[in-house]
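Here the structure is laid out as structure tokens; the discussion comes afterwards.
What's counted below: heavy atoms across the whole structure, side chains too, no hydrogens, waters or symmetry copies.
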There are 2 protein chains.
Amino acid sequence: MTPPKAPDPTRRSERSRQAILTATRELLFEVGYARLTIEAIAARAGVGKQTIYRWWSSKGAVMFDSLLDMSRAEGAELPDTGDVEADLRTVLRAIVDEFNDPVLDGVTRALNTEIQNDPQLSADMRDRLLGPQLEATKDRLRAAQAVGQLAPDLDLSVAVELLFGPPFHRWLLRTAPLTHEYADTIVTMAVRAMRAAPR
Amino acid sequence: MTPPKAPDPTRRSERSRQAILTATRELLFEVGYARLTIEAIAARAGVGKQTIYRWWSSKGAVMFDSLLDMSRAEGAELPDTGDVEADLRTVLRAIVDEFNDPVLDGVTRALNTEIQNDPQLSADMRDRLLGPQLEATKDRLRAAQAVGQLAPDLDLSVAVELLFGPPFHRWLLRTAPLTHEYADTIVTMAVRAMRAAPR
DNA sequence: ATGTCAAGACGAGACGTTCCGACTCGTCAT
DNA sequence: ATGACGAGTCGGAACGTCTCGTCTTGACAT
């Protein structure tokens, strides 16, 4: 029983790594995730297929890393004007805009698709991409709690889902258009629910 | 320019149709959607591949029809005990249970996946599978409005998303476990938001 | 310090496999 | 006789494994 002997990360070529992530991103935007192939990535990056298979377990993992690499150093902090409701409106409107952007829409749907049958990728997404965003939102809500704008015993995990769940639902199932007005309505109603005690 | 001459539906073999839908369902449960192939369906159903390609446009379409065929005659009516909040708790708990059922979880995720890159299938899903469920919920909320339990000018489309969005978000992104207690919390908070006027 | 050398990652691409979707048969029911 | 049917063939795309020969790197000997 020989374990498949893991490669040595210290000898990894940073040059190839970057070329792969860049090529993936380019192809993702050019042809979309469905028509993205490992062979095309390797060709574009000027890299052997084995180099991709050596370091990534799946097409989804490569995409995830390439997106993570791109979104590095994105400020994960929410505005704080002192008015939670106004700040949340800003955030929700920004999210709606992202959902309406064709490129981001496509990439996000692809990521979402891939997550469904890859638990490892799902965990990575939750911890490294989605997590920070949700935590930043919780931080802002906590600050609002501290100044009495929200119920002191509000469950923050539930709170963020109350905010992000509805637009997510509408976007993913395409039940209706996502507008700024809609974002504002959700914030109004969610904040109303979050002002009183949870039970 | 010869149009691809549509097949004649009146001569369609009901026997083959059922065999295909059944085989698809079986394979879906056995190997999951990702490893489901048209060739395997044809083999299992004792049918030529062309018979599948003749009547369905994609793997997703076959799956959708097979699920629709299964879920026929499912009562799409909500309980009405006179207490909206209690009735919604019942509904949300049932949804949580469905999400926690391994088979339904798998099928729903597969359907969800397929929707992301097939607009036609997405529309079918919205109109024929999801729509009735959402409409039934809206009906119940309308009745509650009529007896003054909810704000009279509440936007019902927003309302259903406020209820279903959060658990959907939690389930799809696997951010936390889905429990009955969680369902109850969501209902409590959503109803609180729905009691006052929307703005 | 400098030279030698084995380990292992690398680019390139051949290979066998799976599955797709179009197509071709001969059969069968209407 | 028409046209859907079961069965299966076919070229093509992409997969994931593999085998080359090359290049880099660190350990060791001189």
Presence of T10(A) side-chain N/O under 4.0 Å of dT25(D) phosphate oxygens OP1/OP2: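 Answer no for this pair, as no side-chain N or O of T10(A) is under 4.0 Å from OP1 or OP2.
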S13(A) side-chain N/O to dA9(C) phosphate OP1/OP2 under 4.0 Å: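 The answer is no; no side-chain N or O of S13(A) sits under 4.0 Å from OP1 or OP2.
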5′-ward residue of the pair R11(B)/V47(B) relative to DNA chain D: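 Per heavy-atom nearest nucleotide, the more 5' residue is R11(B).
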Toward the 5' end of DNA chain D, by each residue's nearest nucleotide, A45(B) or E39(A):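 Looking at DNA chain D, the more 5' nearest nucleotide goes with A45(B).
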D105(B) and D101(B), any side-chain heavy atoms less than 4.5 Å apart: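 D101(B) does not reach D105(B) side chain to side chain.
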How many whole angstroms separate atom [atom1] of [X] from atom [atom2] of [N]?
X: D8(A); N: dT24(D); atom1: CG; atom2: C1'; result: 12 Å
X: I38(B); N: dC23(C); atom1: CD1; atom2: P; result: 17 Å
X: R15(A); N: dG11(C); atom1: CZ; atom2: C1'; result: 11 Å
X: I20(B); N: dA4(D); atom1: CD1; atom2: C1'; result: 12 Å
X: L27(A); N: dA14(D); atom1: CG; atom2: C1'; result: 14 Å
X: R35(B); N: dG16(D); atom1: CZ; atom2: P; result: 12 Å

Side chains of S122(B) and R174(A), donor plus acceptor under 3.5 Å: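 Looking only at side-chain atoms, R174(A) and S122(B) do form a donor-acceptor pair, the distance falling under 3.5 Å.
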Test item: Q145(A) side-chain N/O and L150(A) main-chain N/O as donor-acceptor pair under 3.5 Å: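 No.
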Proximity to DNA chain C (any heavy atom under 4.0 Å), residues of residues 52-60 of chain A only: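 By residue number: R54(A), W55(A).
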N-O pairing of R11(B) and D8(B) below 4.0 Å: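 Judged by the 4.0 Å cut-off on N to carboxylate O distance, R11(B) and D8(B) do not form a salt bridge.
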E30(B) and R44(B) ion-paired at < 4.0 Å: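 Yes, charged N to carboxylate O under 4.0 Å.
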Options [options], nucleotide nearest the side-chain atoms of [X]:
X: S16(B); options: dA29(C), dC5(D), dG16(D); value: dC5(D)
X: K49(B); options: dC20(C), dA7(C), dA12(C); value: dC20(C)
X: Q50(A); options: dC15(D), dC19(C), dA12(C); value: dA12(C)

Stepwise side-chain contact (heavy atoms from CB on, under 4.5 Å) check, W55(A) with D65(A): CA-CA 11 Å; W55(A) 300 110; D65(A) 268 11; over 6 Å; no
Spatial distance of atom CZ (R93(B)) from atom CG (L178(B)) [nearest 0.5 Å]: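 Here the interatomic distance stands at 13.5 Å.
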